[in-house]
Trainee: 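Structure below; questions to follow.
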Amino acid sequence: MADKIRVLLTEEEVNAKISEIAKQISDDYAGKEVHLICILKGGVFFTCELAKRLTVPVSLDFMSVSSYGAGTKSSGVVKIIKDLDEPLDGKEVLIVEDIIDSGRTLAYLMEILKQRNPKSIQLCTLLDKPERRVKKQVQVKYTCFTIPDEFVVGYGLDYDQKYRNLPYIGVVEQ
């Protein structure tokens, strides 16, 4: 690993915030079952940690949607790589994402999933970069951290498939 990684958020900070958000979600969905849709690949670390901390019944599905290539900027072209296994009819859906920046991917995804008749649909993200938002209609209900416009890795986030396994959020400094 030749890149220099500066710690932006420590493992302890990330774990504490996930617990806080999980309590908020559990309170909001009290008496209901929440259907988590994990956006692969980056969202898997966050989704698993979040799900472990929820006190309401949870079901889980996975989707892979991409607007990135091998670089560090969104390409703007969105494609579904893996679709859901289960129908969404009547479910309380919570899309769990590792990071939201331009909003292109989530805007596209929200439109597709709303057509599948969920009872409700909300967004939860580990990291948000609102200053990069191109699609202003993307509204995030649960945000762990709002971060500056830097390229981050760790906790599922990668740089050309590297650094996903870092237990903290770091900034790649080249």
Side-chain angles (χ1 to χ4, degrees), residues 1 3-26 28 34 36-54 58 60-78 81 93-110 113 121-174:
M1 293 191 200
D3 300 300
K4 181 173 170 32
I5 309 292
R6 174 176 46 89
V7 175
L8 180 65
L9 299 164
T10 67
E11 182 177 7
E12 294 76 20
E13 289 173 307
V14 172
N15 285 330
K17 186 57 88 166
I18 292 172
S19 293
E20 181 183 314
I21 291 293
K23 182 182 181 333
Q24 184 182 353
I25 292 168
S26 294
D28 290 353
V34 63
L36 302 179
I37 297 177
C38 172
I39 306 302
L40 297 172
K41 297 176 185 172
V44 74
F45 287 75
F46 176 44
T47 302
C48 290
E49 291 301 319
L50 180 67
K52 289 189 313 189
R53 292 167 170 86
L54 293 174
V58 171
L60 181 63
D61 206 343
F62 299 90
M63 191 169 208
S64 185
V65 182
S66 180
S67 66
Y68 285 87
T72 61
K73 300 287 185 197
S74 173
S75 67
V77 177
V78 178
I81 298 165
V93 171
L94 183 60
I95 299 170
V96 184
E97 181 67 285
D98 55 357
I99 188 166
I100 301 174
D101 49 28
S102 73
R104 286 185 186 103
T105 302
L106 269 297
Y108 174 80
L109 185 59
M110 292 289 286
L113 296 181
I121 189 165
Q122 297 293 339
L123 292 174
C124 177
T125 189
L126 178 61
L127 305 172
D128 191 9
K129 289 185 187 177
E131 68 187 68
R132 293 216 354 112
R133 194 82 78 246
V134 172
K135 298 290 187 176
K136 303 294 185 195
Q137 73 269 29
V138 173
Q139 299 295 312
V140 184
K141 179 142 187 188
Y142 306 102
T143 300
C144 289
F145 299 97
T146 300
I147 63 168
D149 187 14
E150 297 182 285
F151 192 80
V152 290
V153 294
Y155 224 90
L157 296 134
D158 73 299
Y159 174 57
D160 201 17
Q161 296 298 327
K162 296 186 291 187
Y163 310 119
R164 284 191 198 278
N165 61 316
L166 296 176
Y168 58 87
I169 305 296
V171 176
V172 177
E173 295 183 335
Q174 297 175 330

Trainee: Report the C-alpha separation of K162 and V153 in whole Å, then their side-chain angles, then the decisive distance to 0.1 Å, and conclude whether the side-chain contact (heavy atoms from CB on, under 4.5 Å) test is met.
Mentor: CA-CA 8 Å; K162 296 186 291 187; V153 294; over 6 Å; no
Trainee: Give the intermediate values and the outcome of side-chain contact (heavy atoms from CB on, under 4.5 Å) for residues I81 and V65.
Mentor: CA-CA 6 Å; I81 298 165; V65 182; over 6 Å; no
Trainee: Is it the case that the side chain of T143 and the backbone of F145 share a donor-acceptor pair, with hydrogens and angles ignored and the cut-off at 3.5 Å?
Mentor: no
Trainee: So which pairs with a foot in residues 13-24 pass salt bridge (charged side-chain N to carboxylate O under 4.0 Å, His left out), sequence neighbours left out?
Mentor: K17-E20, K23-D27
Trainee: Using the side chain to side chain contact (heavy atoms under 4.5 Å, CB included) criterion, which residues pair with V7? Sequence neighbours excluded.
Mentor: T10, Y168
Trainee: What is the distance from atom CD1 of I39 to atom CG of L109, rounded to the nearest 0.5 Å?
Mentor: 5.0 Å
Trainee: Rounded to the nearest 0.5 Å, what separation is found between the SG atom of C124 and the CG atom of L50?
Mentor: 5.0 Å
Trainee: Which residues pass the salt bridge (charged side-chain N to carboxylate O under 4.0 Å, His left out) test with E12, not counting sequence neighbours?
Mentor: none
Trainee: OG1 of T125 to CD1 of I99: how many Å apart, nearest 0.5 Å?
Mentor: 7.0 Å
Trainee: How long is the straight-line distance from OH of Y155 back to CG of D98, given to the nearest 0.5 Å?
Mentor: 12.0 Å
Trainee: Is the closest side-chain heavy-atom distance between Q122 and I25 below 4.5 Å?
Mentor: no
Trainee: Looking only at atom types and distance, does a side-chain atom of K141 sit under 3.5 Å from a main-chain N or O of I121, one as donor and one as acceptor?
Mentor: no
Trainee: Any side-chain heavy atom of I18 within less than 4.5 Å of one from K52?
Mentor: no
Trainee: Taking the side chain as C-beta and beyond, is there a heavy-atom pair between L123 and E97 under 4.5 Å?
Mentor: no
Trainee: Do you know which of D158, D3, L157 makes side-chain contact (heavy atoms from CB on, under 4.5 Å) with Y163?
Mentor: D3
Trainee: Assess the residue pair L106 and V140 against the criterion (side-chain contact (heavy atoms from CB on, under 4.5 Å)); give the C-alpha distance rounded to whole Å, side-chain angles, the decisive distance to 0.1 Å, and a yes or no.
Mentor: CA-CA 10 Å; L106 269 297; V140 184; over 6 Å; no
Trainee: Can you find a pair of side-chain heavy atoms, one from L9 and one from L127, that are under 4.5 Å apart?
Mentor: yes
Trainee: Determine, step by step, whether N15 and R53 satisfy the side-chain contact (heavy atoms from CB on, under 4.5 Å) criterion, reporting the C-alpha distance in whole Å, the side-chain angles of both residues, the deciding distance to 0.1 Å, and the verdict.
Mentor: CA-CA 10 Å; N15 285 330; R53 292 167 170 86; 3.6 Å; yes
Trainee: What's the spacing between T47 OG1 and L60 CG if we round to 0.5 Å?
Mentor: 7.0 Å
